[in-house]
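Following this message is one structure expressed as structure tokens.
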Amino acid sequence: MSLAKRIIPCLDCENGRVVKGVKFLDIRDAGDPVEVSKRYCEQGADEITFLDITASHEDRDTTVHTVEQIASQVFIPLTVGGGIRTLEDIRLMLNAGADKVAINTSAVINPDFVKEAAERFGSQCIVVAIDAKQVSEPDTDPRWEIFTHGGRKATGLEAIAWAKRMVEYGAGEILLTSMDRDGTKQGFDLALNRAISEAISVPVIASGGVGNLQHLVDGITEGKVDAVLAASIFHFGEFSIPQAKEYMKQHGICVR
Amino acid sequence: MNRVVVIDYGMGNLHSVGKALEHLDKNISLSITDNPTLIREADRLIFPGVGAIRDCMKEIRRHKIDILLNEARTEKPILGICVGMQAMMEFSEENNGVDCLGLFPGSVNGFKTGMHDENGDTLKVPHMGWNKVRQSMKHPMWNKIEDESRFYFVHSYFVTPDTKKQNSALVAGETEYPDTFCSALAAENIFAVQFHPEKSQDCGLQLLDNFLSWDGKS
């Protein structure tokens, strides 16, 4: 198969700066999402995901401005997420140059929002972000539920059924984050990723838990996902995107 | 001055195409519009499209883009992108069947669900991501682009040109998912691509750059 598996660096931004720390050699660039995006693009990133974690109304203009800046210099797909609540929010981001928007909490509060968004703008630009946490006891069949508000708020929604429903409503892609693994560096929740990826027809992006390059490989081969998203391993300079691609290639994965 | 119009019929996001063209920093005058005068006066046209074909065709007809494209098809270089390419065919099987512009003989067909790769893994629809384009012919639009370069795709339908009929377009590029489909078409001054050059980094920018200097001859 010649379709490449995608590597997607994720920029968590607050007030127009990349947070979670960025440690590049050139200190002057540290934290500027435009410079960071350009660098990742030059290194061969397949897409960029920009998550606005302030998501307050006052900072909206900053985000729109940053997205405009990135989009006028980076010619690979750009997904923008964080605080997408209305069709107007989506229009604003697409007009600023985003190619896709990621909808998370708003999809849970009002699932029809995903339907309306897909009908209005096309499924190709609607990514539904799912934060899932395992709720089953050890040694029982695994069960994951959806959480919102950065994993603090339980919804009682079962993850696989939720993902299927979101695809039915027009999601063109699912960005799947394991709350259990996020920030742990223990690797993706492979069972979760595999269960969702095999249950739905659209591409799945695995997120949460990457600590080394083998984790990226495992996500593709065991988790059966179509793309892998990571932040800290790239931000902190532990690994570069070319290194990640080379490693994946050596392990038989088709990369660009 | 090179007058370039990105045809805007209200479907989807044309800002990426505009930004990519501006980035190329040519001496161009760029308009993103449905204005008939500007379209008629343009030196070259870009005809993009996203979303479902029924809505696209409805808007194309409502904005009278069908008439303008018919006029332009023998006059100036035209670049069709994604659903823009699909709309050029006679018929699409999307949305239970939709008649399209019929600039070229052939149809638009959907990827089947339940396709598998060589490892037995299910292939997702839409076909989304970076895939190789094999250049099936020499063409000025492929200048300085290596054969089998990767471009960014996102689509669930693809064109199947009927190359035996009169007035047919030629297959200019092919891609596999998992079967071979036509990812680029060429016919006189029209070139159309299923992928998104504006999102395909260096190769995509090169293709757009080629378009800006293309005289419409193959």
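Per chain, numbering begins at 1; letters A, B, ... match sequence-line order.
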Per-residue contact mode, B/His196 against chain A (heavy atom under 4.5 angstrom): neither
Would you check if B/Tyr177 and A/Leu3 make a side-chain contact, meaning some heavy-atom pair closer than 4.5 Å? yes
Starting at CG of A/Leu94, measure out to NE2 of B/His15 and round the result to the nearest 0.5 Å. 8.5 Å
I need the B/Asp117 CG to A/Cys254 SG distance, nearest 0.5 Å. 10.0 Å
Side chain, backbone, both or neither: which part of A/Ala96 has a heavy atom under 4.5 Å from chain B? backbone
Whether over 12 other heavy atoms sit under 6.0 Å from B/Lys19 NZ: yes
For the NE2 atom on A/His65, are there more than 12 heavy atoms of other groups (residues, nucleotides or ligands in this structure) within a distance under 6.0 Å? no
Rounded to the nearest 0.5 Å, the OG atom of B/Ser156 sits from the CD atom of A/Gln124 at a distance of 9.5 Å
Select all residues of residues 214-229 of chain A having any heavy atom within less than 4.5 Å of some heavy atom of chain B, and report them by number, or 'none'. A/Lys224, A/Asp226
Answer key: most heavy-atom pairs under 4.5 Å with chain B among A/Arg91, A/Glu119, A/Glu68, A/Glu42 is A/Glu68
Part of residues 71-78 of chain A lying next to chain B, heavy-atom separation under 4.5 Å: A/Ala71, A/Ser72, A/Val74, A/Phe75, A/Ile76, A/Pro77
Sort A/Cys41 into side chain, backbone, both or neither according to what part of it lies under 4.5 angstrom from a heavy atom of chain B. both
Write out, in numerical order, the residues from residues 197-210 of chain A with a heavy atom short of 4.5 Å from a heavy atom in chain B. A/Ser197, A/Ile200, A/Ser201, A/Val202, A/Pro203, A/Val204
By salt bridge (Lys or Arg N to Asp or Glu O under 4.0 Å), which residues pair with B/Glu146, not counting sequence neighbours? none
Which atoms of B/Ala20 are under 4.5 Å from chain A, going by heavy atoms: the side chain, the backbone, both sets, or neither? both
Where does A/Arg256 contact chain B at under 4.5 Å (heavy atoms): side chain, backbone, both or neither? both
Okay, B/Ser200 and chain A: the region with an atom under 4.5 Å from a heavy atom over there is backbone
Treating B/Trp130 as the side-chain partner and A/Arg6 as the backbone partner, does any N or O pair qualify as donor plus acceptor under 3.5 Å? no
